[in-house]
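The next block holds one structure in the form of structure tokens; read it before the comments.
Per chain, numbering begins at 1; letters A, B, ... match sequence-line order.
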Amino acid sequence: MPGAESVAEAERIQQALRQSLVLDDCLPAAPTLVAGVDVSYDKVSPRITAAAVVVDLTTGVEVESVVVPGEVSFPYLPGLLAFREVPLVLAALDRLGHRPDVVVCDGYGVAHPRRFGLACHLGVVTGLPTFGVAKTPFVGSFDEPGVRRGDWSALRDDDEVLGRVLRTQTGVKPVFVSVGHRTSLDRATTLTLDLSARYRLPEVIRRADFLSREALR
DNA sequence: GCGACAG
DNA sequence: ATCTTGTCGC
């Protein structure tokens with residue numbers, strides 16, 4: 001699948017892919033393999049790296065990880081992040097020996113200007129259930145959630161619920177959870193908490209971040 | 001029209 | 001994303 005060559009083309013592709021988005025929950029009752037993906041960028045060159053980490057939720061043990069090198073092929077434009085990161089993330093997922101039950105993305109799903117963020121894009125393109133966990137606000141408004149781990153408030157745009165502002169650690173800044181593809185907001189919330197027993201961000205995202213970053217040098 | 005704007 | 005030390009608190 002070739003990448004978009006212009007903003008107009010990217011937006012056209014985005015709208016087309018959005019037609020295939022599935023919002024029903026298709027996760028197994030007890031998902032076993034959870035993958036986390038992330039991309040790192042070099043400061044002074046077009047070099048980038050994508051990492052994918054798979055963890056067995058029943059044991060909490062990492063079962064596999066891969067890092068793939070590449071180059072930037074699309075500029076960073078809010079609302080079009082997927083066109084910059086998905087190509088290399090796909091390459092990483094392809095090199096995985098396991099087929100994860102769900103993929104956690106570093107960014108947003110439907111909490112997006114056109115309701116089709118990175119997590120939705122990756123989900124539709126791979127067919128895998130996905131959801132996003134972002135570190136900073138993007139679209140929508142929200143009330144500050146309670147200070148305890150597990151407390152959350154709705155991320156919304158008028159009457160539309162776009163996701164949840166979730167406190168994964170007591171007294172720590174919350175994260176923004178939104179659905180990607182074939183995953184419900186409740187499952188995404190539960191999984192995010194399960195994967196964040198110790199830190200603010202899901203373990204798989206942290207590991208993917210570390211691996212992609214170190215591979216850059 | 002003018003800013004804001006995931007990573 | 002990336003640039004970056006010390007510092008406050010458990």
**Request:** Only pairs at least two apart or in different chains count here, so list each side-chain hydrogen bond (donor to acceptor under 3.5 Å, both in side chains) that has a residue in residues 124-139 of chain A.
**Result:**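 Sorted result for residues 124-139 of chain A: A:Asp106-A:Lys135.
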
**Request:** Scan for side-chain hydrogen bond (donor to acceptor under 3.5 Å, both in side chains) pairs involving residues 190-205 of chain A, sequence neighbours excluded, and state none if there are none.
**Result:**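 Of all non-adjacent pairs touching residues 190-205 of chain A, none passes side-chain hydrogen bond (donor to acceptor under 3.5 Å, both in side chains).
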
**Prompt:** So which of residues 163-175 of chain A are in contact with DNA chain C, with a heavy-atom cut-off of under 4.0 Å?
**Reply:**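 By residue number: none to list.
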
**Request:** Verify the distance criterion only: is there a donor paired with an acceptor across the side chains of A:Asp42 and A:Ser45 at less than 3.5 Å?
**Result:**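 Note: A:Asp42 and A:Ser45 side chains meet the donor-acceptor criterion.
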
**Request:** Using only heavy-atom distances, determine whether the side chains of A:Tyr76 and A:Glu85 contain a donor-acceptor pair under 3.5 Å.
**Result:**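 Looking only at side-chain atoms, A:Glu85 and A:Tyr76 do not form any donor-acceptor pair under 3.5 Å.
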
**Request:** Assign a letter to each nucleotide of nucleotides 1-7 of chain B from its 5' end: B, base within under 4.0 Å of a protein heavy atom; S, sugar-phosphate only; -, no contact.
**Result:** ----BBB

**Prompt:** Can you give the first and last nucleotides of DNA chain C, 5' to 3', that have an atom under 4.0 Å from a heavy atom of chain A?
**Reply:**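 From 5' to 3', the first and last contacting nucleotides are C:dA1 to C:dC3.
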
**Prompt:** Any donor and acceptor pair, going by atom type alone, linking the side chain of A:Arg95 with main-chain N or O of A:Ser65 inside 3.5 Å?
**Reply:**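 A pair under 3.5 Å: no.
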
**Message:** A:Gln19: which residues meet the side chain to side chain donor-acceptor pair (under 3.5 Å) condition with it, sequence neighbours left out?
**Reply:**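 For A:Gln19 there are no side chain to side chain donor-acceptor pair (under 3.5 Å) partners, ignoring immediate neighbours.
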
**Prompt:** salt bridge (Lys or Arg N to Asp or Glu O under 4.0 Å): which pairs involve residues 52-74 of chain A, sequence neighbours left out?
**Reply:**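 Of all non-adjacent pairs touching residues 52-74 of chain A, those that pass salt bridge (Lys or Arg N to Asp or Glu O under 4.0 Å) are A:Glu62-A:Arg207.
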
**Request:** Sort by first number and list every stem of DNA chain B: at least 3 consecutive Watson-Crick or G-U wobble pairs, both distances under 3.5 Å.
**Result:**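 Consecutive-pair runs (3 or more) involving DNA chain B: none.
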
**Request:** Applying ring pair (Phe, Tyr, Trp, His ring centres under 6.0 Å), name anything that partners A:Tyr108, two or more places apart in sequence or on another chain.
**Result:**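 Per chain and number, A:Tyr108 pairs via ring pair (Phe, Tyr, Trp, His ring centres under 6.0 Å) with A:Phe138.
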
**A:Phe83: ring pair (Phe, Tyr, Trp, His ring centres under 6.0 Å) partners, not counting sequence neighbours** =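 Per chain and number, A:Phe83 pairs via ring pair (Phe, Tyr, Trp, His ring centres under 6.0 Å) with A:Phe74, A:His121.
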
Point-to-point distance, once rounded to the nearest 0.5 Å, from [atom1] of [X] to [atom2] of [Y]:
X: A:Glu144; Y: A:Lys173; atom1: CD; atom2: NZ; value: 10.5 Å
X: A:Asp209; Y: A:Leu201; atom1: CG; atom2: CG; value: 8.5 Å
X: A:Thr170; Y: A:Asp151; atom1: OG1; atom2: CG; value: 7.5 Å
X: A:Leu216; Y: A:Lys43; atom1: CG; atom2: NZ; value: 13.0 Å

**Message:** Taking Watson-Crick (N1-N3 plus N6-O4 or O6-N4) and G-U wobble (N1-O2, O6-N3), each under 3.5 Å, can you produce the dot-bracket string of DNA chain C? Use [ ] for crossing pairs and | for inter-strand ones.
**Reply:** ..........

**Asked** Does A:Leu191 reach the side chain of A:Pro31, with side-chain heavy atoms less than 4.5 Å apart?
**Response**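 A side-chain contact exists here, since the closest heavy-atom pair is under 4.5 Å.
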
**Request:** Can you tell me which residue pairs pass the ring-ring contact (aromatic ring centres under 6.0 Å, His included) test with a partner in residues 141-172 of chain A, sequence neighbours excluded?
**Result:**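 Matches after skipping sequence neighbours: A:Phe142-A:Phe176.
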
